[in-house]
Amino acid sequence: MRTDTPVSVKLENYTPYPFAIEQAELDFSLEPEATRVRTKMMVKRLAPGAFVLDGVGLTLNGISIDGQPLGDGDYKVDEETLTIASVPDAFELETDVTINPKANTALSGLYISAGRFCSQCEATGFRRITYWPDRPDVMSRFHVRMDADKAKYPILLSNGTPSKTGDLSDGRHFAEWDDPHPKPSYLFALCAGDYDVWRDTFTTMNGDHVDLGVYVDKGQAKRAEWAMESLKASMKWDEERFGRAYDLGVFNIVAVRDFNFGAMENKGLNIFNSAYVLASPDSATDADFEAIESIVGHEYFHNWTGNRITCRDWFQLCLKEGLTVFRDQEFSSDLRSRPVQRIKDVMTLRARQFAEDAGPLAHPVRPQAYGSIDNLYTATVYVKGAELIRALTVLIGDDAFNKGMQIYFDEFDGTASTIEDFYSCFEKASGKDLSQFRLWYAQAGTPEVTVEEAWDEANATLTLKLSQTTPATPEQDTKKPVPIPLRTALLDGNGGHVPAEGWENGETVIALEEAEKTVTVKVPDGSHRPLLSINRQFSAPIRLKRDLDQAALLELAAAETDPFNIWDSFQSLAKAEIFRLLDEPQSPPDEALVTALADAVRQNEQDPAFAALLTVLPDIGELFQERDPADPAGLDAARKRLRKALAEEMASDAERILAKPSPEPFAPTPDQAGTRAMRTAMIGLTGAKGTPEAASSLKALFDGASNMTESLACLRALISIPGKPRDEAISTFYETWKDNPLVIDKWFAVQAGQGTADDARRLSQHPDFDLSNPNRVRSVAAAFAMTNLAAFHAPDGDGHRVIGDIVARIDKLNPALAARLLTSFEQWKKLEPKARASAETVLTNLRAAGLSQNAMDIVARALD
Ligand SMILES: [Zn+2]
């Protein structure tokens, strides 16, 4: 270990907190530069030990026990803790501190955004507000009182339900909030300021009345309507699907422009990045409406999976996140199209999590150690965590899963739990020993499953030889086999299944639990050789290795009955073709493949959302993982050649589809969104032709677009065709939307996502670029480094330097954001030699220049 690697926290060192704090009273006197926080806590000893509280950046004005002020010698304060060596077994502690929200640029704790107070406490922000045992296993009932200038901060919000309000002297007023549910400090929230609010109500399945409010910028209330509709749909869905009702009389959402995350599930007072609240037909895309629905659902579902049952320690983060992502994916599947949702979720998994799993930042879904807690909010914990729940449902079946969830809610309500607690419920429900399944949580890396087939014509049996391996990852050289549930069917080639012996409806789940397994399937005598459809619906998060040539894959794609596997067959075909084009730069794209792909798109036009996904070729981030060394610029060029061939093949389809009018009036319904998805796919293909004629027809569509989905699609398609139409579209879009920051974020992202390093640098010097706003920073830096790999990893190293410079500047203000951007270097060791050298230089220079603990944690692991 290097000396500059942050000290790591280890799961094996967990010990319970030796005190209980059942009740706490917080009293805030809100002033932007000097907020006073007085805290009263009722403490009871549970075990021997010193009384230690966390606290960072607090000015301590006074401290007392049972009303007796403590002297300097009675306690010790350092940069991170307050320790009282000797305390009674039961006592009341009072502290009085001052904090400076206005100076808080890290956006953790209490801070100011657009002149209003807001908070973010997960994971360790509460210690920046007051002295407290800031760990999830200390659960307390909070009573909050706050006072503030009434004119500047007319609305005062916290967790729970409001109890008292009133006016004070000097133009100030106060409000009190009471939360009857014990909660850990990371779920504390406070917002104060002037807002407009969109209100509604909900009656729970128990007949309880709930007041709902979405608080937004002045004049923006109408743009909160979709978030409110999504909230009511979420409340209803959790009742119907999991039997869980809301448990307070008030549920509020507050939209904040400066926010490090998507949203935060604070009890009764969710705080959202405004990008996931505000939407109107003219300024939001279908993807925005979908994201709002899904994130509002996610945060609401946390009320049961996260808030009422929370995590014992941060190593168990996947307990609330993996499970809640699974729940929000199910919610979206039920509201929209299940196969389309599944494909989109797997695209995210492959592009983000598989990449993470294959690089130096790989870690298990439940890690054994961490250097910086903020860096644990990863694709592995969230997305692979959700895949494991899904794999569990396949392995034990829906009934046992649903029963297990009810046992979990009943047995662990009101507690801080672990992965072991969670799995004990499914062992009870299914009668199965799930200890081997829990290995999935302990081992990093993506398992690879190889499938070999042998057909015995005489006996009408198909023999499958299955084997699994998981590649080595940092600190884990060898891996054990994990249980892999493979949903499998035999296809007859005529759109049906071959009735295999012992399989219901020609389908089964093969559980591959060992390193190797042979399965022999008997089909009716006289059958032709059936085609194998395996890992249907992507039933396990693995890489599948099958030795199928193009002809066999095309035959399989034509015979498939599972929409996911139809899409995936074409992904495999496209991937192989892109690799071939990279290796044979003189050879033209394969006509048979291009025609088959275009035909598949046409055949599925009645399900346009699905057909649109068929036109999306595997992205560079995914292709990258299968090349060593990887040449992103070469892959990008090969991918563009294939895409251009598809665009030419589908030129008349594109014309036909785009000649029809876009659905009017706009509604964010799945039906309309599907139609627009197909239209935007055709807009994208038109752009892939790259001709001046394509540019002028795109410009005409851009000028006539009546919704943001298509307007942005035209702009995106035009970006890669230099010329007057492109330049005009860029400036028209900016002039039209310059007063709408969320739309201008898109304007930045669409250019950074396709331009050169120079473009990214120019955008980062634009007057509207703002280092203090995470959305704006991400719209340039993350769009460039995480979605434009060909330019980011260009051999001249300029892309790496642009991001290195931005990170160095951000790190001084917002370490969590800087660390997140640095993860874009996670694949640097796989790059071709020139880009690899430049990435190493940038990382080494950053390390030498000195960084925050968050950023240093990523750099040290990346360089290790
Ligand atoms: Zn979450």
Side-chain angles (χ1 to χ4, degrees), residues 107-108 119-126 136 159 183-189 227 230-231 234-235 237-238 241-242 244 246 251-256 259-273 275-277 290-333 341 345 348-349 352-353 356 365-367 370 373-390 405 408-409 412 416-419 422 441 774 816 820:
L107 313 186
S108 164
S119 63
Q120 170 58 35
C121 292
E122 186 175 2
T124 55
F126 197 69
N159 314 88
K183 66 169 177 285
S185 51
Y186 81 86
L187 292 173
F188 169 82
S230 303
L231 174 60
S234 311
M235 296 176 90
W237 183 86
D238 214 16
R241 174 75 174 77
F242 287 99
R244 297 295 119 189
Y246 188 59
F251 189 94
N252 287 324
I253 289 176
V254 176
V256 174
F259 204 66
N260 272 346
F261 306 94
M264 179 63 212
E265 70 262 25
N266 317 297
K267 183 80 187 188
L269 178 57
N270 287 2
I271 299 181
F272 269 61
N273 187 324
Y276 300 114
V277 174
E290 240 182 276
I292 289 169
E293 183 178 88
S294 142
I295 295 174
V296 166
H298 178 97
E299 306 308 330
Y300 173 75
F301 302 144
H302 268 313
N303 190 52
W304 276 93
T305 52
N307 299 4
R308 288 183 70 128
I309 308 178
T310 193
C311 304
R312 187 194 71 176
D313 52 72
W314 291 119
F315 296 99
Q316 322 292 332
L317 182 60
C318 60
L319 178 70
K320 77 176 177 81
E321 294 305 342
L323 178 56
T324 307
V325 170
F326 170 79
R327 274 152 56 71
D328 81 51
Q329 290 175 348
E330 284 297 291
F331 171 61
S332 298
S333 301
Q341 182 67 32
D345 290 339
T348 307
L349 177 80
R352 291 179 48 213
Q353 199 279 323
E356 189 167 84
V365 172
R366 183 173 68 179
Y370 59 77
I373 177 62
D374 293 332
N375 294 340
L376 215 63
Y377 289 75
T378 61
T380 297
V381 169
Y382 278 68
V383 188
K384 187 174 178 182
E387 288 297 320
L388 298 189
I389 307 284
R390 188 171 300 280
M405 284 300 295
Y408 180 59
F409 291 130
F412 293 97
S417 301
T418 62
I419 287 295
F422 180 68
Y441 287 82
R820 189 60 60 99

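We count residues from 1, following the sequence as given. As the structure is a computational prediction, the values presented were derived from the model and not from experiment. Note that ligands are numbered from 1 as they come in the structure, with each ligand's atoms numbered from 1 the same way.
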Could you give me the CA-CA distance, side-chain angles and deciding distance for R820 and Y377, then say whether side-chain contact (heavy atoms from CB on, under 4.5 Å) is met? CA-CA 9 Å; R820 189 60 60 99; Y377 289 75; 3.7 Å; yes
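- Between the S294 side chain and the E290 main chain, no donor and acceptor come within less than 3.5 Å of each other.
- Here the Zn ion (ligand 1) has protein N, O or S atoms under 2.8 Å from it, and they come to 4.
- Contact between C121 and S185 at its shortest, heavy atoms only, is CB-O, 3.8 Å.
- Exactly one of F326, Y408, W237, W304 qualifies for a ring pair (Phe, Tyr, Trp, His ring centres under 6.0 Å) with F242. That residue is W237.
- Aromatic ring centroids of F331 and F301 lie under 6.0 Å apart.
- For residues 373-385, the set of pairs meeting the salt bridge (charged side-chain N to carboxylate O under 4.0 Å, His left out) definition, not counting sequence neighbours, comprises D357-K384.
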